[in-house]
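A short write-up of the structure that comes next.
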Amino acid sequence: MQGHGLNSGSHPGDWLSGRALASHARGHWFEPSIAHRTSDEHGRRSEQVTTTALDVVGGDRSTVVARINGELRDLSTPVAPDDVVEAVSVDSPEGLAVLRHSTAHVLAQAVQQMFPEARLGIGPPIKDGFYYDFDMPRPFTPEDLDALEKAMVAIIKSGQRFERRVVDEGDAVRELAGEPYKLRLIGSEGGADVMEVGGLELTVYDNVDAKTGERCWGDLCRGPHVPDTRYIVPNAFKLMRTAAAYWLGDQRNEQLQRVYGTAWPSKDDLRAHLAFLEEAEKRDHRRLGAELDLFSFPEQIGSGLAVFHPKGGVIRRVMEDYSRIKHEQGGYEFVNSPHITKGQLFEQSGHLDWYSDGMYPPMQLDAEIDADGTVRRQGVDYYLKPMNCPMHSLIFGARGRSYRELPLRLFEFGTVYRYEKSGVVQGLTRARGFTQDDAHIYCSREQMAAELDSLLTFTLNLLRDYGLDDFYLELSTRDPEKSVGTDEEWTEATEALRASAEVQGLDLVLDEGGAAFYGPKISVQAKDAIGRTWQMSTIQVDFQTPQRFDLEYQGPDGTRHRPVMIHRALFGSIERFFAVLLEHYAGAYPPWLAPVQVVAIPVTDAHNEYLDGVAGRLREHGVRVEVDTADDRMQKKIRTAQKSKVPYMLIAGDDDVAAGAVSFRYRDGTQKNGVLVEEAVTEIVDAIAKRTQV
RNA sequence: GCCGCCUUAGCUCAGUGGUAGAGCAACGCACUCGUAAUGCGUAGGUCCGGGGUUCAAGUCCCCGAGGCGGCUCCA
């Protein structure tokens, strides 16, 4: 009972502000019939009938809040005759967020029941659920989560009402004397973003026992909430994990203990969500990488540094080969640059000043120091390169350049090393050594728009060739605080990017102020087979590097001009793209990418020789084929091949040998028997050439 | 980097402070079989590394490495 809290509500951007929030709400124009305005100037309840939003749109428990004149409000909100009242369903994004937010309150109440010393942080709804932060005497354990879930169910079943109460700042401060973090929210800390009190008033949501009317708990919160805790379905929420999190997301602040939960309108929805998580886990590239023998991270090499095994190496090589061909056709020229460089290069580029924390520390060479510590000869620092752009810029500047050479497109599979902080390294998606499919395009200001336009088309087509086809684009614009260059340059580049994006007819999301210091950026976001979004390609305009490297070309008028530089990586990094494709396909690659495209399975070892011949025919066409001559039964070989996710199994027994045929078994278990060898070869070679999935 | 958890055979995992286990994979032998596991056998271990407590440590404590989940970060 001692816990009074403020809830700052949600982080902006996590919900409600997302694009294209389809509303399931129905609109109602309230017709005044029996209602009377009831509030007197002292706010006392009168005996008159109060008409609330619930009266207008409620009754159905799937309606959790109302939108009154466009604002989300509690169902208990009184409405006036000319108010426009819409029901907001728990199935809508807004309604679901309210359900999750209310569930977060129940969690916080349960935590303070079990741990009276716990102090409240913030507890917003997020994608798929909610979290709540607590200052705890000790971290939560998995057993705590079980116990908290049970306590939450008890709270839910007791049917506490969420009651909104407006408080003035003085009352709020008194009421929340025991909640230091909430007090800090009431003060200026965190700003309006976190306060979320509508900018006008502070409100507390009290949890009131349905039977006794006793106030059980409360939290300062903008709301709105579901009418009572029974709107939360006891078996449709689950506490997922605990983690530490910095107060207000700032590394300099205290670390609080965060509990993540998920909550849904129904048990089936929860079950579907858990099934999705299970599917995602099955596809996890770290798991599949080991299962399919594609790559590993030997501890002896170091964190975040992968080795690719033969099967992973094949996939990687095919990915690179295809990309090379496309880049060659796209007018790129291929360059190479070393992995290490003197630090001076990164001083010139500016990276050493800004990003040295993210670089491996230098190797000092050639220094001579006496026994007494006197430096006899100054050494030179060499660094592993964390990016390729300075090297490409040196190539551009290696000789005088003509406008006739532009756009000059320099491409390299450039391996870079970044000293990622230990806690962020994650499989192939966040490694310390990785290879970018990196290119830098040097062009004139006049060429920039057309170049960006064709580049974006090139990018999307390449991604489509690898099997990704559901995209949206994100445009990151200038942060005036952290950027260089003139307004004119930025506007021109940003508009060129925007225009090129619009040509594609894809959704374009604005990432205000998200650009790097040197220029605006477009990134391609791709959805994978189970609907997860990955940031793939990035295209950045850079005015800064050409200046730092004093890059020039001679124009048709004979004067020197500064080129514009476009950075672009389509895979981002090969390793990361490898991981995305692996998860996208769940290891069941289309034939052109599959490390082993065909496994030939003899019914008995008497048919080995025949299948060796078939395999030979396939190899003539460059097909990656293996004959399984192991001392196993045929069924076992099928199982083995199936588990390795090979696209084609070719089986042959006496019947096939007699007919000069083979029998197909596909990954989905279907079969096609008695196919003449030549037809089988054609089918397989054809699918590989066309890069189709089977 | 910060917080929490984890690390036992190639993989997935059991294992009360008292002599290290299983399944799969590998290898050998037998079996010769028509669309997801034939049988029998063999081998495989610095219990992540180092230090400590203890008569005794895979097990308890400390330090380090690596991993996982988050936070912060991601040129």
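Protein chains get the first letters and strands the later ones, always in sequence-line order, with residue 1 at the start of each.
Among residues at least two apart or in separate chains, side chain to side chain donor-acceptor pair (under 3.5 Å) pairs with a member in residues 625-647 of chain A are A:Q642-A:R665. Within the structure, salt bridge (Lys or Arg N to Asp or Glu O under 4.0 Å) pairs that include any residue of residues 383-393 of chain A comprise A:K385-A:E412 (at least two apart or interchain). Sorted by first and then second residue, the side chain to side chain donor-acceptor pair (under 3.5 Å) pairs with a member in residues 413-427 of chain A read A:T415-A:T435, A:E420-A:R430, A:Q426-A:T429; sequence neighbours excluded. Identified under the side chain to side chain donor-acceptor pair (under 3.5 Å) test for residues 297-313 of chain A, with sequence neighbours left out: A:D293-A:H309, A:S296-A:H309.
Side-chain to base pairing of A:K421 with B:U72: one donor and one acceptor N or O lie within less than 3.5 Å of each other. With hydrogens and angles ignored, no donor-acceptor pair closer than 3.5 Å exists between the side chain of A:R138 and the base of B:C3. Below the 3.5 angstrom threshold, one finds a donor paired with an acceptor across the side chain of A:S663 and the base of B:G34. A donor-acceptor contact under 3.5 angstrom links the side-chain atoms of A:Y246 to the base of B:G1. One cannot find a donor-acceptor pair under 3.5 Å joining the base of B:C71 and the side-chain atoms of A:Q255.
Atoms CG (A:D293) and P (B:A26) sit 12 Å apart, rounded to a whole Å. Counting to the nearest Å, the P atom of B:C33 and the CD1 atom of A:I638 are 15 Å from each other.
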What's the verdict on side-chain hydrogen bond (donor to acceptor under 3.5 Å, both in side chains) for A:N388 and A:Q436, showing C-alpha distance, side-chain angles and the deciding distance? CA-CA 9 Å; A:N388 307 297; A:Q436 297 178 306; 3.1 Å; yes

Determine, stepwise, if the pair A:D550 / A:R562 fulfils salt bridge (charged side-chain N to carboxylate O under 4.0 Å, His left out). CA-CA 8 Å; A:D550 197 23; A:R562 187 79 76 203; 2.9 Å; yes

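Phosphate contact (OP1/OP2 of B:G1, side-chain N/O of A:S422, threshold under 4.0 Å): present. A close approach under 4.0 Å does not occur between any side-chain nitrogen or oxygen of A:R258 and OP1 or OP2 of B:C2. OP1 or OP2 of B:C68 sits under 4.0 Å from a side-chain N or O of A:R286. Note on A:R430: every side-chain N or O is 4.0 Å or more away from OP1 and OP2 of B:C74. Phosphate proximity of B:G70 to A:Q426: absent, as no side-chain N or O sits under 4.0 Å from OP1 or OP2. Between A:Y260 and B:C71, a side-chain N or O to OP1/OP2 separation shorter than 4.0 Å is present.
Residues from residues 664-677 of chain A lying near RNA chain B, meaning a heavy-atom separation below 4.0 Å, are A:R665, A:Q671, A:N673 in numerical order. Within residues 298-314 of chain A, the residues having any heavy atom under 4.0 Å from RNA chain B are, by residue number, A:E299, A:S303, A:G304. Proximity of residues 349-357 of chain A to RNA chain B (heavy atom under 4.0 angstrom from any strand atom) is restricted to A:H351, A:Y355.
Here A:D250 pairs with A:R252 under the salt bridge (Lys or Arg N to Asp or Glu O under 4.0 Å) rule; sequence neighbours left out. A:D144 is linked by a salt bridge (Lys or Arg N to Asp or Glu O under 4.0 Å) to A:R138, counting only residues two or more places apart in sequence or in another chain.
Comparing B:G34, B:C74, B:U72 by their closest approach to the side chain of A:V603 singles out B:G34. Relative to the side chain of A:D654, the nucleotides B:G67, B:G1, B:G34 differ in distance, and B:G34 lies closest.
When heavy atoms are screened at a 4.0 angstrom cut-off, A:P386 is found touching base atoms of the nucleic acid. Heavy atoms of A:M634 sit under 4.0 angstrom from primed sugar atoms or phosphate atoms, though from no base atom. Nucleic acid contact class of A:A244 (heavy atoms, under 4.0 Å, all strands): base. Residue contacts for A:Y518: at a heavy-atom cut-off of 4.0 Å it reaches the sugar-phosphate backbone alone, with no base atom in range.
B:G17 and B:G52 are spaced 15 Å apart, taking the C1' atom of each and rounding to whole Å. Across B:A26 and B:U54, the matching P atoms stand 48 Å from one another, rounded to whole Å. The same atom, P, is picked in B:U59 and in B:G51; the two are 13 Å apart, to the nearest Å. B:U7 and B:U16 have their P atoms separated by 13 Å, with the value rounded to a whole Å. Of the P atoms belonging to B:U19 and B:C13, the separation is 26 Å, rounded to the nearest Å. Straight-line distance between the C1' atoms of B:C3 and B:G18: roughly 36 Å, to the nearest whole Å. Rounded to a whole angstrom, the distance from the C1' atom of B:C61 to that of B:U42 is 41 Å. B:A30 sits 38 Å from B:A14 when the P atoms are compared, rounded to a whole Å.
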Distances for protein N or O near nucleotides 6-16 of chain B N or O, under 3.5 Å:
none

Polar atom pairs (N or O), protein with nucleotides 38-43 of chain B, under 3.5 Å:
| unit_1 | atom_1 | unit_2 | atom_2 | d |
| --- | --- | --- | --- | --- |
| B:U38 | OP2 | A:R633 | NH1 | 3.4 |
| B:U38 | O4' | A:R633 | NH1 | 2.9 |

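Heavy-atom nearest nucleotides on RNA chain B were determined for A:P142 and for A:G249, and the one closer to the 5' end corresponds to A:P142.
In RNA chain B, consecutive stretches of 3 or more Watson-Crick or G-U wobble pairs with both distances under 3.5 Å are given as paired ranges: B:1-7 with B:65-71, B:10-13 with B:21-24, B:26-30 with B:38-42, B:48-52 with B:60-64.
Of all heavy-atom pairs between A:V657 and A:H607, the closest is CG2-CD2, 3.9 Å.
Remark: A:R258 qualifies as a cation-pi partner of A:Y131 under the 6.0 Å distance and 45° angle criteria applied to the six-membered ring.
Tested against A:E583 for a salt bridge (charged side-chain N to carboxylate O under 4.0 Å, His left out), the candidates A:K527, A:R283, A:R286, A:R532 yield a single pass: A:R532.
Within 6.0 Å of the CD atom in A:Q535, the count of heavy atoms belonging to other residues, nucleotides or ligands exceeds 12.
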